*Asks:* 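Quick one: this structure, given as structure tokens, is what I'll be asking you about.
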Amino acid sequence: MSVVAAIAEFIVTIDGPAGTGKSTVAHRLARRLGLEFLDTGAMYRAAALRALELGIDPADGERVAALVRDLEIRFDWRCDPPDLLVDGESVGDRIRTQEVTRAVSAVASNPTVRAAMVEAQREIASLHPRLVTEGRDQGSVVFPDAHVRIYLDARPEIRARRRVEQLATKGIVTCEAEVLAQILERDRSDSSRRDGPLVCPHGADVVDTSDIDIDDVIDRLESIVRERAGAALRNAHRTQSSGGNVGGSACGDGATAP
Ligand code: DC
């Protein structure tokens, strides 16, 4: 059995700015390690989409907060990647449009929205405790005790080019300069908000993906995760043999930080 499979509750957080390849990396890493995958950006996008559909200004903090309090955001975990359902309806690619991308920062900077999302993400982890989760605040706020905390970064120009190419595969033509401006604005807004700002979590492994291809990024993350999982197991065995109580699983509740 692999070291990761031997740990009953195992959370890997991947944070970083837009366009570092987080979603793809997190999804493929999860598959490789036999863990589940949580895309938290999709949850914020779903809230932004619903606001737009209902004609609510995404910057209208009170109305968006009230909307999100009533919203049921769930994943269908039978699909791979899990399908996002809002009030029971699959949102599909409607959360990836430019309009939603433009609206989402205002929604994500709303403290009431963030509190609801943090709670929903912890609830998901209690039901799916073997998880790779990606976003902006996963290692810093939502799961600060995760076994592995990764921060992915890349130069803004590279991130803009990747976004343009990604949208092109979906038939969406965009201007690279405009996407770069959007990315810089989103970085500024994500990093400067008071609640859950984009920061490198304490003790995180930083991986710059600017000049590495995606397969190499995943290989690197896999080796970091396996190393951490091995260390956590060795710690748990040491605690056990010195008479400590490690609970029902190797790393149990309150996962050991690296
Ligand atoms: O990763 P993404 O582009 O799908 O994220 C969409 C937006 O949601 C982006 O503005 C950052 C925000 N977000 C956040 O504030 N916290 C998270 N955990 C995930 C995303």
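Since the model is a prediction, treat every value here as computed from it, not as a measurement. Counting starts at 1 for both ligands and their atoms, in listed order.
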*Asks:* Checking the side chain of R114 only, and the main-chain atoms of A108 only, is there a donor and an acceptor separated by less than 3.5 Å?
*Replies:* yes
*Asks:* The criterion is side chain to side chain donor-acceptor pair (under 3.5 Å); which residues satisfy it with R50, sequence neighbours excluded?
*Replies:*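 E53.
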*Asks:* List in chain and number order the residues that pass ring-ring contact (aromatic ring centres under 6.0 Å, His included) with F10, two or more places apart in sequence or in another chain; answer none if no residue qualifies.
*Replies:* H147
*Asks:* Pick out the protein N or O atoms lying less than 3.5 Å from any N or O of ligand 1, and list each pair with its distance.
*Replies:*
unit_1: ligand 1; atom_1: 1 (O); unit_2: R136; atom_2: NH1; d: 3.0
unit_1: ligand 1; atom_1: 1 (O); unit_2: R136; atom_2: NH2; d: 3.4
unit_1: ligand 1; atom_1: 3 (O); unit_2: R45; atom_2: NH2; d: 3.0
unit_1: ligand 1; atom_1: 3 (O); unit_2: R186; atom_2: NH1; d: 2.9
unit_1: ligand 1; atom_1: 4 (O); unit_2: R45; atom_2: NE; d: 2.7
unit_1: ligand 1; atom_1: 10 (O); unit_2: D190; atom_2: OD1; d: 3.4
unit_1: ligand 1; atom_1: 15 (O); unit_2: R114; atom_2: NH1; d: 2.8
unit_1: ligand 1; atom_1: 15 (O); unit_2: R114; atom_2: NH2; d: 3.4
unit_1: ligand 1; atom_1: 15 (O); unit_2: R193; atom_2: NH1; d: 3.1
unit_1: ligand 1; atom_1: 15 (O); unit_2: R193; atom_2: NH2; d: 2.8
unit_1: ligand 1; atom_1: 16 (N); unit_2: R114; atom_2: NH2; d: 3.1
unit_1: ligand 1; atom_1: 18 (N); unit_2: T40; atom_2: OG1; d: 3.0
unit_1: ligand 1; atom_1: 18 (N); unit_2: R136; atom_2: N; d: 3.3
unit_1: ligand 1; atom_1: 18 (N); unit_2: D137; atom_2: OD1; d: 2.8

*Asks:* Does R159 come within less than 4.0 Å of D187, counting only side-chain N to carboxylate O?
*Replies:* yes
*Asks:* Whether D137 and R122 form a salt bridge (side-chain N of Lys/Arg under 4.0 Å from carboxylate O of Asp/Glu) is what I want to check.
*Replies:* no
*Asks:* List in chain and number order the residues that pass ring-ring contact (aromatic ring centres under 6.0 Å, His included) with F143, two or more places apart in sequence or in another chain; answer none if no residue qualifies.
*Replies:*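 Scan of F143 (ring-ring contact (aromatic ring centres under 6.0 Å, His included), adjacent residues dropped) gives none.
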